[in-house]
Amino acid sequence: MIIVVKNACEKSQYDNLVEWIKDLGLDVHVSRGETSTVLGLVGDTSRVDIDLISSLDIVEQVKRVQEPYKNANRKFNPTDTIVNVGGRKIGGNFFQVVAGPCSVESEEQIIAVANAVKASGATMLRGGAFKPRTSPYAFQGLKGTGIELLIKAKKETGLPIVTELLNINDIDLFNEVDVIQIGARNMQNFELLKEVGKTGKPILLKRGLANTLQELLMSAEYIMAEGNNQVILCERGIRTFETMTRNTLDLSAVPALKDKTHLPIIIDPSHSTGIAKYVSPMSLASVGSGADGLIIEVHNDPKKAWCDGAQSLNPAQFDELMGKIKLMLPIVGKNFDGE
Ligand code: PEP
Ligand code: MN
């Protein structure tokens, strides 16, 4: 349920209303606009008397919200949430590009890729240290050492780092990580979502391989229900009957999600296509769709990559793509932070 309160009201009347709602055992999400304030009620609202609230002078409107996601709902928070990652903003008019290898392989590799993507204009560095692999025999990531190498690359380049957390027991290794990635396979690991919600850190939440957008928003809700609204959604392709691409990139997810939520949405053209030469066209299509950013796999030598080489751009290809992204951004009214 949402209650729209006129800004031109006595503070005491406003405070009394909020207190009364809280006494009913409900949480109140406050979103202040220019002329009115939206109070989003979270919890069991069946005992709230709509007619009584509507009759108050200070109340403009009361509406029931049908969707099961509340904090993530645009009705609760009409303005875009801008997630701040070490000073780089994402959402609203701000666009960011996260780039780096699928997995951290060595100090030499991650520093080389970090320097290269930074020189091309990437604003954050990605790199997997804990890898969710389909086969238990495949490389599982450098784990703690991988995180240490990412931190070195961050110190060297100043780029904030984005890396995946698979198991909450490893959270202490993530203190200097700027964005915690929750991968597609863990999108509905609800206990993990609750735990990362408690960290207060920005969370990059990837859509599951076979999950609906509503399920993605419900997963975001798990994180937000813990008081963490720094959530970035990521469309990374879904399973369909199509086999020519690794997954099917659902770009219509961007306008559909923008309608329903205030959270920023980025696109992963690497895991969605699985093929390096499709990454550039789908990145540009993503900019056109209104996405708030991209996460792109870049490797210094893709043929020798330990993981996902076929979908990785080399630094020269990434540089060319960044040139095109920079040309397109003004058309959609977005820009990089501080550039
Ligand atoms: C990744 O980004 O490295 C990754 C494993 O992605 P996803 O969870 O989308 O498969
Ligand atoms: Mn990968």
Side-chain angles (χ1 to χ4, degrees), residues 96-105 109-110 113 117 122 124-136 138-143 146-147 149-150 160-167 170 174 177-189 192-193 196 202-213 215-216 219-220 223 231-240 245-251 253 265-276 278-279 282-283 286 291 293-314 318:
Q96 305 299 335
V97 177
V98 186
C102 180
S103 58
V104 180
E105 297 168 9
Q109 174 243 17
I110 192 67
V113 177
V117 297
M124 295 183 217
L125 176 68
R126 65 150 287 149
F130 293 92
K131 296 301 304 175
R133 303 304 298 278
T134 303
S135 164
F139 172 55
Q140 307 282 307
L142 293 182
K143 308 191 169 110
I147 305 265
L149 296 179
L150 280 168
I161 51 179
V162 181
T163 194
E164 180 166 356
L165 175 71
L166 287 178
N167 186 331
D170 296 317
F174 282 64
V177 168
D178 299 279
V179 179
I180 299 176
Q181 177 173 321
I182 297 297
R185 290 152 193 84
N186 270 321
M187 189 201 89
Q188 287 191 313
N189 183 339
L192 184 61
L193 298 175
V196 295
I203 308 297
L204 174 62
L205 178 65
K206 296 187 109 183
R207 180 180 183 181
L209 278 68
N211 284 110
T212 64
L213 296 177
E215 285 164 343
L216 174 62
S219 292
I223 298 167
V231 181
I232 304 162
L233 304 173
C234 178
E235 162 61 36
R236 47 77 72 206
I238 48 173
R239 278 277 165 85
T240 67
T245 48
R246 184 175 178 182
N247 290 289
T248 296
L249 177 53
D250 177 13
L251 267 190
I265 300 129
I266 71 169
I267 300 291
D268 177 343
S270 310
H271 291 90
S272 49
T273 62
I275 297 168
Y278 303 166
V279 167
M282 295 323 289
S283 296
S286 304
L294 287 158
I295 177 162
I296 301 175
E297 287 190 344
V298 180
H299 195 281
N300 47 334
D301 191 356
K303 282 194 203 69
K304 295 204 181 125
W306 296 2
C307 182
D308 285 352
Q311 68 193 32
S312 298
L313 300 185
N314 64 35
F318 179 69

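Both ligands and their constituent atoms are indexed starting at 1 by order of listing.
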Angular separation of Cys102 SG and His271 NE2 about the Mn ion (ligand 2), given to 10°: 160°
Option passing salt bridge (Lys or Arg N to Asp or Glu O under 4.0 Å) with Asp268 (candidates Arg207, Lys206, Arg236): Lys206
Check whether any side-chain heavy atom of Leu125 lies under 4.5 Å from a side-chain heavy atom of Leu150, and answer yes or no. yes
Side chains of Leu294 and Val98: does their closest heavy-atom pair fall under 4.5 Å? no
Only one of Val179, Asp178, Ile147, Ile180 forms a side-chain contact (heavy atoms from CB on, under 4.5 Å) with Thr163, so which one is it? Ile147
Glu105/Lys304 ion pair, N-O < 4.0 Å: no
With a cut-off of 4.0 Å, which atoms of ligand 1 are near a heavy atom of Arg236? 7 (P), 9 (O), 10 (O)
If I apply the N/O under 3.5 Å rule, does Asp268 come out as touching ligand 1? no
Considering heavy atoms of the protein only, find what lies nearest to atom 6 (O) of ligand 1 and give residue, atom and distance to 0.1 Å. Lys206 NZ, 2.9 Å
Should we count CZ of Arg239 as having more than 12 external heavy atoms under 6.0 Å? no
Assess the side chains of Asp308 and His299: does a donor N or O sit below 3.5 Å from an acceptor N or O? no
Atom name, Glu297 (N, O or S, nearest to the Mn ion (ligand 2)): OE2
Using the rule given for side chain to side chain contact (heavy atoms under 4.5 Å, CB included), can you reason through Asn300 versus Gln109, listing the C-alpha separation, both sets of side-chain angles and the distance that settles it, and then say yes or no? CA-CA 7 Å; Asn300 47 334; Gln109 174 243 17; 3.5 Å; yes
Can you name the atoms of ligand 1, numbered from 1 with element, that are less than 4.0 Å from a heavy atom of Arg126? 1 (C), 2 (O), 3 (O)
Atom 4 (C) of ligand 1 - nearest protein heavy atom and its distance: His271 NE2, 3.6 Å
With respect to Lys131, determine whether any N or O atom, backbone or side chain, lies less than 3.5 Å from an N or O atom of ligand 1. yes
Would you mind running through ligand 1 and noting each atom that sits below 4.0 Å from a heavy atom of Ala184? 7 (P), 8 (O), 9 (O)
For the Mn ion (ligand 2), give me the closest N/O/S atom belonging to Asp308, just the atom name. OD2
State the atoms of ligand 1, each with its element, that fall below the 4.0 Å cut-off from a heavy-atom position in Arg185. 7 (P), 8 (O), 10 (O)
Could you list the atoms of ligand 1 found under 4.0 angstrom from a heavy atom of Gly183? 8 (O)
